[in-house]
Amino acid sequence: MAIIVPMVHQSSSRPRLSPSGDTEDIVALLAPRLAHFAGVARTEHVTRAAQEMNVPQSTLSRALVRLEEDLGVDLFVRRGRTLALTVAGRTFLGSVERALAEVERAADEVRADADPATGKVAFGFLHTMGAETVPGLLHAFRADHPRVRFSLVQNYGEAMLERLRAGELDLCLTSPVPDAPDLVARRLDEQKLRLVVPADHALAGRRRIRLAEAADENFVTLEPGYGLRRITDTLCREAGFRPKVAFEGEEAETLRGLVAAGLGVALLPPPAVPRPGVAELTVTAPRAAREIGVAWLAGRTDTPPVAAFKRFLLSRRGSLLPS
């Protein structure tokens, strides 16, 4: 014979939740009982719900009583051997079912993202890596991992490190290679920088130049905070001058366009495709290069697809950049 536990509420020393109660306290108390409530509401029978959910009937009954005590309202009324939802119970059930469905959807999503074959990698990289380097890397990686998905973010270095710390990125390619206690970083490659001048500039016929020879030129640079801007300022300082900055921008190819328009000179990495209107000179002194590295958050456990892509990137030390 099925045993139906009546929803009779005895006086209890346990405090009820007040409408002004702390939200985190409410969630902590209610969350473990929501699935129990939904199961009983679906079957309208404690015994059947306990069998379907594979929990002791006594545990289920106590959970329902405590849930009603915590809420301070009756969710069920007894009708013979079955239970029926009250008006408050029906209102509560609609929200509970939506919440449980959302939790299930979120669980499915994170499991899918962690799947070794079809999971997802959130990968950040510098704008200058987007035209050629990153597409080539992804093409090579997907030869052995054809169904791994990527969420790609282009940004400057400091912004990507912030997103790493916020958990929005798994890995990022950046320069300079960061040195911070909460991050792990590995140097992968080095990229030579060139002094880019207008095609009709007096220096355009040169193949090599000492940076000090450009001390009187107007420079176009990335904005402060960008890694390439810090490198530009450092190299000019080593060459004995402070650059006269005429224009600041957010993207290297825009700077190359400003140089082509005769608005200044710039220290830039090589372009993916040669741009008309400029000449690119090798800087002989000081040594003009930037290190490219991969960074990730220290102590974070990688999903299988992230671990696979990290191993792939580390295997490209010295050959990350197109030749």
Side-chain angles (χ1 to χ4, degrees), residues 31 35 98-191 226-228 250-253 269-270 272 290-323:
R98 288 192 293 273
L100 293 175
E102 182 62 19
V103 170
E104 184 176 0
R105 183 205 62 77
D108 289 342
E109 182 175 328
V110 295
R111 282 196 294 262
D113 286 349
D115 184 273
T118 62
K120 185 171 70 173
V121 179
F123 181 45
F125 52 92
L126 302 168
H127 289 285
T128 51
M129 310 259 97
E132 189 173 5
T133 300
V134 168
L137 289 172
L138 298 183
H139 177 77
F141 176 74
R142 283 172 67 94
D144 293 324
H145 304 82
R147 300 187 332 178
V148 168
R149 296 168 290 125
F150 282 83
S151 173
L152 302 177
V153 174
Q154 289 180 271
N155 216 320
Y156 65 98
E158 287 301 322
M160 286 193 296
L161 298 184
E162 290 176 9
R163 297 186 73 164
L164 270 182
R165 293 182 170 107
E168 298 173 13
L169 290 176
D170 297 310
L171 303 164
C172 71
L173 290 180
T174 188
S175 178
V177 180
D179 180 13
D182 60 335
L183 300 175
V184 180
R186 297 288 183 269
R187 181 187 183 277
L188 295 179
D189 214 336
E190 182 181 87
Q191 189 174 47
Y226 283 69
L228 188 56
E250 297 181 344
E251 205 275 321
E253 286 311 300
R290 65 172 180 172
E291 290 186 336
I292 305 295
V294 59
W296 60 89
L297 195 62
R300 180 173 177 174
T301 301
D302 293 331
T303 63
V306 171
F309 189 57
K310 181 189 293 184
R311 288 193 299 270
F312 169 79
L313 291 176
L314 294 175
S315 74
R316 307 283 290 208
R317 286 191 182 102
S319 61
L320 181 80
L321 304 173
S323 57

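Starting from 1, each residue takes its place in the sequence as its number.
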| NZ/NE/NH1/NH2 to OD/OE distance under 4.0 Å, Glu168 and Arg165 | no
| task | Please tell me if the side chains of Pro305 and Lys120 come closer than 4.5 Å, counting only heavy atoms from C-beta onward. | result | no
| query | Is a side-chain donor or acceptor of Arg142 paired with a backbone partner of Arg147 at a separation under 3.5 angstrom? | reply | no
| task | Return the minimal non-hydrogen interatomic distance between Pro176 and Gly227, and the atom names on each side. | result | CD-CA, 3.7 Å
| message | Return the CG to CZ distance between Leu152 and Phe125, rounded to the nearest 0.5 Å. | response | 5.0 Å
| Candidate pair Leu297 and Leu169, rule side-chain contact (heavy atoms from CB on, under 4.5 Å), full reasoning | CA-CA 9 Å; Leu297 195 62; Leu169 290 176; over 6 Å; no
| message | Could you check whether any side-chain heavy atom of Leu183 comes within less than 4.5 Å of a side-chain heavy atom of Leu164, counting everything from C-beta outward? | response | yes
| message | Would you compute the distance between atom CG of Leu137 and atom CZ of Phe312 and round it to the nearest 0.5 angstrom? | response | 5.5 Å
| task | Before accepting this row, confirm whether a basic side-chain N of the pair Asp170/Arg300 lies closer than 4.0 Å to the acidic partner's carboxylate O. | result | yes
| query | Are the side chains of Pro269 and Leu228 in touch, meaning some heavy atoms are under 4.5 Å apart? | reply | yes
| message | Distance check, rounded to the nearest 0.5 Å: Arg187 atom CZ versus Leu320 atom CG? | response | 10.5 Å
| field | Atom pair CD1 (Ile292) and CE (Met129), whose distance is rounded to the nearest 0.5 Å | value | 4.0 Å
| query | Please walk me through it: do Arg316 and Asp189 pass side-chain contact (heavy atoms from CB on, under 4.5 Å)? | reply | CA-CA 8 Å; Arg316 307 283 290 208; Asp189 214 336; over 6 Å; no
| query | Does a donor on one side chain and an acceptor on the other come within less than 3.5 Å for Arg111 and Thr303? | reply | no
| note | Output for pair (Phe123 CZ, Phe309 CZ), nearest 0.5 Å, gives 4.0 Å
| request: Assess whether side-chain contact (heavy atoms from CB on, under 4.5 Å) is satisfied between Cys172 and Leu161, documenting all intermediate values. | output: CA-CA 8 Å; Cys172 71; Leu161 298 184; 4.0 Å; yes
| Check against salt bridge (Lys or Arg N to Asp or Glu O under 4.0 Å), Glu102 and Arg98 | CA-CA 6 Å; Glu102 182 62 19; Arg98 288 192 293 273; over 6 Å; no
| said: Nearest 0.5 Å, please: how far is OG1 in Thr133 from CD in Gln191? | reply: 6.5 Å
| note | Closest heavy-atom pair, Ala298 versus Pro181, reported as atoms and distance to 0.1 Å, is CB-O, 4.3 Å
| field | Side-chain heavy-atom pair Val306, Trp296 within 4.5 angstrom cut-off | value | no
| field | Criterion side-chain contact (heavy atoms from CB on, under 4.5 Å) on Arg149 and Val121, from CA distance to verdict | value | CA-CA 6 Å; Arg149 296 168 290 125; Val121 179; over 6 Å; no
| query | Side-chain contact, heavy-atom cut-off 4.5 Å: Glu250 with Tyr156? | reply | no
| query | Do Ser175 and Leu126 come close enough that some side-chain heavy atom pair is under 4.5 Å? | reply | yes
